[in-house]
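Hydrogens, waters and symmetry mates are skipped; everything else that's a heavy atom, side chains included, is used. So that the names make sense, note that chain A is the first sequence line, chain B the second, and so on, each numbered from 1.
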Number of protein chains: 4
Amino acid sequence: MIVILSNKVEEARIQEIVHIIEKHEVKAHVSHGEDRTVIGIIGQADPVLAEQLRQLKGVEQVVKISKSYKLASRDFHPADTVIRIKDVEIGGDQLVVMGGPCAVETPEQIDEIARLVKAAGGQVLRGGAFKPRTGPYSFQGVGVEGLVMMAEAGRKHGLLTITEVMTPEYVDVCAEYADILQVGTRNMQNFDLLRKLGSIQTPVLLKRGFSSTYDEFLNAAEYILAGGNPNVMLCERGIRTFETYTRNTLDLSAIPVLQSLSHLPVISDPSHGTGRRELVEPMTKASVAAGANGLIIEMHTDPDNSMTGDGVQSLFPDQFAKLLQDLEKLAPLCGKRFDTAKTPALV
Amino acid sequence: MIVILSNKVEEARIQEIVHIIEKHEVKAHVSHGEDRTVIGIIGQADPVLAEQLRQLKGVEQVVKISKSYKLASRDFHPADTVIRIKDVEIGGDQLVVMGGPCAVETPEQIDEIARLVKAAGGQVLRGGAFKPRTGPYSFQGVGVEGLVMMAEAGRKHGLLTITEVMTPEYVDVCAEYADILQVGTRNMQNFDLLRKLGSIQTPVLLKRGFSSTYDEFLNAAEYILAGGNPNVMLCERGIRTFETYTRNTLDLSAIPVLQSLSHLPVISDPSHGTGRRELVEPMTKASVAAGANGLIIEMHTDPDNSMTGDGVQSLFPDQFAKLLQDLEKLAPLCGKRFDTAKTPALV
Amino acid sequence: MIVILSNKVEEARIQEIVHIIEKHEVKAHVSHGEDRTVIGIIGQADPVLAEQLRQLKGVEQVVKISKSYKLASRDFHPADTVIRIKDVEIGGDQLVVMGGPCAVETPEQIDEIARLVKAAGGQVLRGGAFKPRTGPYSFQGVGVEGLVMMAEAGRKHGLLTITEVMTPEYVDVCAEYADILQVGTRNMQNFDLLRKLGSIQTPVLLKRGFSSTYDEFLNAAEYILAGGNPNVMLCERGIRTFETYTRNTLDLSAIPVLQSLSHLPVISDPSHGTGRRELVEPMTKASVAAGANGLIIEMHTDPDNSMTGDGVQSLFPDQFAKLLQDLEKLAPLCGKRFDTAKTPALV
Amino acid sequence: MIVILSNKVEEARIQEIVHIIEKHEVKAHVSHGEDRTVIGIIGQADPVLAEQLRQLKGVEQVVKISKSYKLASRDFHPADTVIRIKDVEIGGDQLVVMGGPCAVETPEQIDEIARLVKAAGGQVLRGGAFKPRTGPYSFQGVGVEGLVMMAEAGRKHGLLTITEVMTPEYVDVCAEYADILQVGTRNMQNFDLLRKLGSIQTPVLLKRGFSSTYDEFLNAAEYILAGGNPNVMLCERGIRTFETYTRNTLDLSAIPVLQSLSHLPVISDPSHGTGRRELVEPMTKASVAAGANGLIIEMHTDPDNSMTGDGVQSLFPDQFAKLLQDLEKLAPLCGKRFDTAKTPALV
């Protein structure tokens, strides 16, 4: 950590600041420049210290050299994390495709979609039982019943399942029925939820907050890791920018950046990331080319009558199947394997 | 609601779309332009309908004419909402100042700060017992004990109290000790929390999500109002933009905009809105000039040793007192009254 | 165009608005809803009309249905524009790679880099003679001399050349020496420059303003097309967002979006789009997978001693060559061809 | 300047980097921490050096301690700059109001508006003769004729005049007719224009680029100052954010921030900053409360028939007059004076 003092701080104040720093069992190394004085801090500083220093009179800027997260960083854990669930491996050389509807609606709907995801070569069935909705009058999901429907469809067709969990009290029931729990973009900094997810071992797909920096994203993952759950995947799903033609701006640079800062698998969500059906195919391919470990893609058999508004970004089944065939050819050029014919059977 | 169809949609598809619309007990009025066909919807449409229409093949754009929130809108409730707590009125012609530390630390700290807030003319004591922190290793607040300390300090010095509540299960205990409950920026779309707050009558100060539009903000307020709690204040606290010199960009246009769209009181938070002590004074005055109903301002007796990093934006007690004296002169020019000598005594 | 009136506009005012509209030789079709009155405009409206209507008392919102640009739109020109320069075709099935340094420095430097670009399979040599610099004390380029050096290097090694032009008065001299003229991100709305470029026939690569919407971008292209120069390429080069880890956020959705709204070729600039050397390779591949017609990539033989700060994002020659070999395999999966061995010889 | 090296840089490379630094006639001071090595640079470093260092292998981050602009900074010039034009002083304790239409249309229009601006207490007449328009088919202004009309109206009614100049070649003619030249938001980084304005002495009002940081804004001012023209005013006019309800987000924190970083006067533009007539009054007052040295406000006698789309944000004459009467009371509370009756007569 480096502390840059304001112009013209008096020597007495510099000594007070040094004193405050050294109470934290680190060394302060003062260096007088022509313009300003700079204090270097040597030793492992408590993350709170940076915040405290920033508020001291006479301090202009504090530059962190070490990262505020540790367990999530590649410095701490150089090898890639590979999460094994039954015979699917996420984070290794296998490309993982999660497909399904925005919301689970009926047993017939989810069964038919599961059949189509499996037939196309996907490994994971996605579907929401509880829906986070920005207005109180919108459809909020079918609830626990939906979990049961999805688990049954996944089991029958040999697919893993992933579903969103929105509150700490539903974590246990969601974990009972689903193989992977998803944290939505609006909950990335719901710290109680993150802590609860840290207390179990079920794999978690953590979506990036739509206005969160990489640093905040990795600190959110750190909450889960610090609780004791090492099975975290990061998911880029688009950020909010001035451009409103697309629902969000899918930030594909996030894929290589997060893979360099962290050892956790990175999944891309081109459906929410664009909000437009016609962009899902090019942005799925671009995600794989950028190095994504997996994709989460919305697909629906009857978007005209889906119960949420996200049908607008859902692929039709034939588009989904065609896209996965293209990924089969693309994956090997990007150091991954993906096989539409021989999707691993689940044990 | 107006539905704009894509270029070259066939008549049969237009009829299908009309049919889908009319299932919702509204009328569809088709109008053929030179370029495109447009369908006007007449009648009170279900908010889900817009979302469904957007995803139909052949639909290019859906323009909502009515707002998606109702109880929060001024159309529905033309008169200003005035929230009375003891003898303080928020939303009327009284300017309300909430002051205090970011975090409650010790009984002595909060007692001394309460004394200073009261002496300066403030009406409400702010202080956090639970702190939302972006990293898991930061100071997370002193917990329920802090609620007790703050309630005692408020009672002793004749101040109302406000504190942040982060999860539904803490709503009841926070409401037992504090007069106003605050929802933080990261929880603006924590819908479970909003629903729980809708089930009680304690006034709520809802902070704008740092990347939320006015529409999303008012829809979040709608969750609380729809639950049955009419006592909601909106708080502008800065948005995230490309400019990083200030922690956030305080969007003061939000004050008149929200007051025109809604009847709810609007409070400004220049401390978090700027993240810099030297900007709190000018931005407080600017907030009042823009028409704010109140302010929430951080003040600390010893920022060098505060336990969170927010000391950097806390005023010193003498700065706080001087600022409130300035507001006493400024308020009448802005249609408000504020009296540092005769702060209303609490019953 | 659809004009949505405010709540409770009186009939007399509605008639005034209709009158104002019909002065523009279009028809106004009034439709009374339960909530509001809406006026549909039938006929080709003057683009100024929307702006005028927006400011009328009683008008709440104006929704444009037709686009404000015409020549740039795919509605107007359904087939892809293919720009032929010597034997390179941009916008067809050939993938085009433009490579070279940020700034031309010496004849030896640009000659050596040209040799390496050609050897790797690139078709176009890039290099700046005039540099737009945010501060007045930074290196501003070598000027016209640089144009001569680059033209000579291009000719010798059989490469087309592209260089940035910053002001109308330099357009002619730049066009004399270079095959393609580049408009930088800060000049996307330098309308005088755009008009001057519209008066010649030299192909133009127009970079997206770093905070410009797709609509503004296509309107800027429209300036050049309307002047009579049909040879325009669009270049996505990253937008400014809240994320500062990367210099910009490369918006790859722009590639398929622009290709659907317009017939013009779309080039991607992963060097400026990320500002980090290690991201250039994955984002180049992602650009091709997203459907880009070409790439513009910085490469430098000695980034430690480059004269501008953009060396930080320049590839080393061996990285550049390896990347182009990868593109040779990737291109056919994306409907393009790219051949490192048989780069077409220039006539 | 501080250079933070990557994790695990070898000693030999550190020495190479030191060598590169010391070629620039500054001293490098190496300091080995537990995690990383840091190099402090002592002496006045060439601004290009930071850019060069950032691109070196082994360098992770470069932190500038000194600012890249000098003449614009308050460190260099501690006293406020006061620009005197005839008997108006901008930057001192006088509040300056510039009012008028977006575009000059006819002699009668500008004469009548000048009369109203003067009567209300304004000191400067604004009006555009050349209009920067995002699409090529919009009204582009009446040209030089408009300059003549405005100069005549200003002279007759005893007002200074301000008009926008868009290209270097029009600087001289604009300076012949107008007292202040305005640089629009899209031209803030039109470096040729800035250089030309640096070569004359006519005062310049430089508008902030709608996506420019404070640092970039002050560097743009530096271009003019470095050319030899000390008469520069900075103008906050709103930035582009995710919120689209307002045309821009007026960033009022910019006022105190720019006044602390720089000695130049700061003007606020609430008309373009909000794009909505009903927000101009509250945001004008908020600007004054935040410390603005002046305002530039659109006013039009007949917005229904104005020739540009900016009528939507123009005040009616009675709103303008009422607002200036309010400013007369507000100014003294903000350390300024403003007198609607005794506007200083021009010599």
J.: Answer with side chain, backbone, both or neither: which region of A:Phe191 has an atom nearer than 4.5 Å to a non-hydrogen atom of chain B?
T.: side chain
J.: Kindly compute the distance separating CG (B:Asp192) from CG (A:Asp192), expressed to the nearest 0.5 Å.
T.: 11.5 Å
J.: Side chain, backbone, both or neither: which part of A:Arg195 has a heavy atom under 4.5 Å from chain B?
T.: side chain
J.: Which atoms of B:Phe242 come close to chain A, meaning under 4.5 Å heavy atom to heavy atom: side chain ones, backbone ones, both, or neither?
T.: neither
J.: Between B:Ser212 and A:Arg240, which heavy-atom pair has the shortest distance, and what is it?
T.: CA-NH1, 3.9 Å
J.: With chain B, which of A:Gly209, A:Ser211, A:Gly198 has the greatest number of heavy-atom pairs at distances under 4.5 Å?
T.: A:Ser211
J.: Determine whether more than 12 heavy atoms belonging to other residues, nucleotides or ligands lie under 6.0 Å from atom OH of A:Tyr214.
T.: yes
J.: Report the distance from atom OG1 of A:Thr167 to atom CG of B:Leu193, rounding to the nearest 0.5 Å.
T.: 11.5 Å
J.: Of the backbone (N, CA, C, O) and the side chain (C-beta and beyond), which part of A:Thr213 lies under 4.5 Å from a heavy atom of chain B, both, or neither?
T.: both
